[in-house]
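Count residues from 1 along the sequence.
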Amino acid sequence: MEASRRSAVKPVIVLKPSKRVPLVEDTPGKASDALPLPLYLTNAVFFTLFFTVVYFLLSRWREKIRASIPLHAVTFPEIVAIFAFVASLIYLLGFFGIDFVQSLIIRPSGDVWSGEDYEEENEVLLHEEDARTVPCGQALDCSVPSLPHMARNVTAQRLFDEKPVRVATEEDARKVSCGQAVDCSLHSLPPRPPIVTSQKLFHEKTVIVTTEEDEEIIKSVVAGTLPSYSLESKLGDCKRAAAIRREALQRLTGRSLSGLPLDGFDYESILGQCCEMPVGYVQIPVGIAGPLLLNGREYSVPMATTEGCLVASTNRGCKAIHLSGGATSILLKDGMTRAPVVRFSTAKRAAELKFYLEDPENFDTLAVVFNRSSRFGRLQSIKCAIAGKNLYLRFTCSTGDAMGMNMVSKGVQNVLDFLQTDFPDMDVIGISGNFCSDKKPAAVNWIEGRGKSVVCEAIIEGDVVRKVLKTSVESLVELNMLKNLTGSAMAGALGGFNAHASNIVTAIYIATGQDPAQNVESSHCITMMEAVNDGKDLHISVTMPSIEVGTVGGGTQLASQSACLNLLGVKGASKDVAGANSRMLATIVTGAVLAGELSLMSALAAGQLVKSHMKYNRSSKDMSNLSS
């Protein structure tokens, strides 16, 4: 009868409790118990084995490189060393530590109360929480009132999804035998104090999140006993780690992060790739400019920006280009650079290395060494600059569809290792000596180029200039000469002979997962305008020598950025020609810059800039109320 009553009542469903109630006979073992030696001896053995085989393999491979022996031709000792390396590496990855492995083994599984343990553990819970200490009597009403809901830890964000687990029901409580004539009704369980944060995102209702286990972890992070950066590896759940880090940060600073979203993002996708110690993500709206008619194809250009008027202005430029028959974009050069700095004891020795590297007879040998680093990285040139006894080596190579900074750096390291044989007195100061030059305005990029060098042009009909752009050809030509050319020269500009190329470059870079910091050299641009066809039409061009983009790697693999690349038809690596997608993206960036330059210059010539910004770049809403 007891069993029939139990099956007739639907059990209450709540979130998983933070801690499993251990039974007396539960004695979980440790992972280290299975080791034949004490843990410290085992660790010492594998550490010694690991570094020994690494030293042996590196020495052997260096000898093969010097003797021009293929690396894949391995001897029996090398095969044994490779297997020993893999085995010791696997052990060390697990060892850092075995305590972490033990915590995983001892940690309760997601389904705590499942199968045959259901009934037994309910009895344990009831035994601990039931307030009754006197057995029930006979012939009394043993009915059980509804169990009150226990207070739970809450916040405005759902941190992670938990599977519902069964707990004690009203009918389960009847399993306690009745005895003397006393009131057998269960007393109300004392509520636990809730943990609440007043966080409001997307007008969501407060939902259940933190458990007692999470609360303990938060306290450890706040106290400094648990490093915040190790949460992902300790918990194995990136979103949960971000939520715990976020709550700890709020407690440490006393500042609310209520306006910073947490849900709706794949934190696994950025682990070890894009961002460390995340606590949320910033929302940047993405607008579409276009269609941009470029080289006979139409493109809808995604632009992530918070500047009003920018997308609208670029869209007007796209319209003017489209009505005039489109624009033409030509790729001039494609090569990423890296320039290490090395030092010798004398300037003479530095000059000897310079002559060696610039000798065409040595290029093929250096190219073979460099090209071993990647399937796509191919050495194109080496240019040297000397400053006293210091030598700067500027390597340029193709990088396929990747932006290529890591690729070229690996190739450069190979060459530096190779050069140590003939130049043992060479001291490598740094893999980057700023002669590259990355993320800094530099004349070498403006003159020599870096990444993709592109020029884009269009002829805008006079009627389109008047009706769409609301100005005249003569006004545009004069303004461009006095502003973009003369004005920039007066300011001592370096690669900044344009109106606002960086606006468009940065917006597209953020939308498509590029490195926004490379906007510095990627925005190097000179805008030219002149009247053609007896002064009736306008010829406009933009020349950009150092556009640094890629369609694989980095932020391009994130879902939102990948979607924007897919919109442009350049997602991922090209299946036909290596590097075709990244080169196409560079031409689209240049075409969009052309549209942006055309529209802004027209607004300036017509005196519409202030009016348009007052219309599109000012909000009448009180944003302070929304953020609170």
Side-chain angles (χ1 to χ4, degrees), residues 15-19 31 92-110 152-162 192-202 204 206-284 510 513 515-517 554-555 557-561 627:
L15 283 178
K16 179 181 75 174
S18 61
K19 293 182 179 179
L92 292 178
L93 289 177
F95 158 65
F96 271 107
I98 265 209
D99 289 338
F100 174 66
V101 177
Q102 291 176 180
S103 67
L104 291 178
I105 295 174
I106 298 173
R107 182 181 300 172
S109 62
R152 288 162 285 197
N153 300 337
V154 293
T155 187
Q157 290 274 17
R158 185 180 300 276
L159 300 186
F160 51 90
D161 296 327
E162 295 282 356
R192 299 175 185 174
I195 299 169
V196 182
T197 58
S198 56
Q199 189 167 332
K200 187 176 182 181
L201 292 181
F202 310 114
E204 291 184 357
T206 301
V207 294
I208 303 170
V209 284
T210 57
T211 64
E212 291 180 0
E213 183 181 2
D214 290 339
E215 178 63 17
E216 292 300 321
I217 297 174
I218 292 171
K219 290 179 179 178
S220 298
V221 174
V222 172
T225 58
L226 177 62
S228 177
Y229 62 80
S230 67
L231 287 174
E232 281 79 5
S233 60
K234 294 289 186 183
L235 300 176
D237 185 334
C238 292
K239 185 176 181 182
R240 182 183 175 200
I244 290 174
R245 181 182 297 112
R246 175 195 186 99
E247 179 60 27
L249 179 63
Q250 291 184 124
R251 297 186 189 184
L252 281 169
T253 62
R255 304 286 184 178
S256 172
L257 293 176
S258 59
L260 185 69
L262 178 68
D263 280 337
F265 188 82
D266 181 11
Y267 292 93
E268 302 284 347
S269 65
I270 65 173
L271 181 63
Q273 177 175 313
C274 296
C275 181
E276 298 77 36
M277 296 191 290
V279 294
Y281 60 96
V282 174
Q283 297 168 303
I284 301 179
I510 295 174
D515 189 343
Q557 301 181 70
L558 300 179
S560 302
Q561 290 80 346
S627 62

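In the displayed structure, Gln273 atom CD is contacted under 6.0 Å by more than 12 heavy atoms of other residues, nucleotides or ligands.
The shortest non-hydrogen separation linking Ser269 to Leu558 is OG-CD2, 3.5 Å. For Leu226 against Ser230, the heavy-atom pair with the smallest separation is CD1-OG, 3.7 Å. Here the closest non-hydrogen pair linking Tyr267 and Gly280 is OH-CA, 3.5 Å. Of all heavy-atom pairs between Leu262 and Ala242, the closest is CD1-CB, 4.1 Å. Of all non-hydrogen atoms in Pro261 and Arg246, the two that sit nearest each other are O-NH1, 3.8 Å. When all heavy atoms are compared, the tightest approach of Ile244 to Asp214 is CD1-OD1, 3.6 Å.
Using a distance-only test at 3.5 Å, with no hydrogens or angles considered, a donor-acceptor pair links the side chain of Tyr281 to the main chain of Asp263. Within the 3.5 Å criterion, the main-chain N or O of Thr225 finds no donor-acceptor partner in the side chain of Ser220.
By the 4.0 Å N-to-carboxylate-O rule, Glu215 lies close enough to Arg251 to be salt-bridged with it.
Within the 4.5 Å cutoff, side-chain heavy atoms of Pro278 are placed close to those of Arg245.
Taken from CD in Glu232 to CE in Met277, the straight-line distance is 9.0 Å, to the nearest 0.5 Å. Rounded to the nearest 0.5 Å, atoms OG1 (Thr211) and CZ (Arg240) are 6.0 Å apart. To the nearest 0.5 Å, atom CD1 of residue Ile284 and atom CD1 of residue Ile510 are 4.5 Å apart. In this structure, CG on Leu252 lies 10.0 Å from CD on Glu247, to the nearest 0.5 angstrom.
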